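Contents: one structure, followed by commentary.
Every heavy atom of this structure was used, including side-chain atoms; hydrogens, water molecules and symmetry mates were not. Residues: numbered from 1 along the sequence shown. Since the model is a prediction, treat every value here as computed from it, not as a measurement.
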Amino acid sequence: MKCRFLQTLALTLFLAACASPPGASPQSPEGFQLHAASDGRVYRIETRTGKTTFLNGGVFREVPELAMHQLSVGTVYRAEDGKATFRYSGNGLLEKWGLDRYNLPETPSQK
């Protein structure tokens, strides 16, 4: 009788696990989320740090993070359109910048 109860419990848990909606990211008690991408690759994301690995031949391999450019305070950067410019003032803030913002000495008018 006890064995039959354990079999029923195991079957119920298995069916409940299979009934999760497609695309759902199951989270394990260890703090990981699994995600199946549309290309069939399985990703594991550590929820505490964001570190991401992918399953490759039964082994999780690290996804390399792209290096990000460091902005320098006071530096003027050109926008994608090639015309607009912005000055980085720190703390993630950019201000619109143009030639009118530079202290240009007065030039004598030509006569």
Side-chain angles (χ1 to χ4, degrees):
M1 182 70 168
K2 192 174 192 179
C3 184
R4 184 79 168 154
F5 172 74
L6 291 176
Q7 287 177 341
T8 305
L9 180 63
L11 180 61
T12 303
L13 291 174
F14 176 77
L15 291 175
C18 292
S20 62
S25 297
Q27 186 169 356
S28 68
E30 293 86 24
F32 293 100
Q33 286 185 334
L34 294 177
H35 176 74
S38 59
D39 64 356
R41 188 177 270 186
V42 176
Y43 291 92
R44 181 178 71 178
I45 304 165
E46 188 176 343
T47 56
R48 192 173 41 85
T49 63
K51 180 179 176 183
T52 305
T53 55
F54 66 94
L55 189 59
N56 183 7
V59 177
F60 279 102
R61 305 212 183 270
E62 191 171 329
V63 175
E65 294 186 27
L66 299 175
M68 297 190 63
H69 297 284
Q70 181 74 33
L71 299 178
S72 299
V73 175
T75 302
V76 177
Y77 296 93
R78 187 178 316 272
E80 295 88 5
D81 65 4
K83 298 176 184 174
T85 54
F86 297 90
R87 181 177 177 267
Y88 182 61
S89 38
N91 293 325
L93 301 174
L94 292 168
E95 58 182 310
K96 187 122 172 97
W97 199 259
L99 288 177
D100 60 325
R101 300 296 300 261
Y102 290 98
N103 292 327
L104 298 175
E106 291 291 325
T107 57
S109 60
Q110 294 183 2
K111 294 184 182 181

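- For the atom pair T53 OG1 and E62 CD, the distance stands at 8.0 Å (nearest 0.5 Å).
- Of all heavy-atom pairs between Q33 and T47, the closest is CG-CG2, 3.6 Å.
- Summarising the geometry of R61 relative to N56, their closest heavy-atom pair is NE-ND2, 3.5 Å, with the distance given to 0.1 Å.
- In this structure, the side chain to side chain donor-acceptor pair (under 3.5 Å) partners of R87, at least two apart in sequence or on a different chain, are E95.
- Counting heavy atoms of neighbouring residues, nucleotides and ligands inside a 6.0 Å radius, atom CG of D39 exceeds 12 of them.
- When hydrophobic side chains of Ile, Leu, Val, Met, Phe, Trp and Tyr are connected at separations under 4.5 Å, I45 ends up as a singleton with no cluster partners.
- Residue pairs satisfying the ring pair (Phe, Tyr, Trp, His ring centres under 6.0 Å) criterion with at least one member in residues 43-97, sequence neighbours excluded, are listed as follows: W97-Y102.
- Judged purely by atom type and a 3.5 angstrom limit, D81 uses its side chain to pair as donor or acceptor with the backbone of K83.
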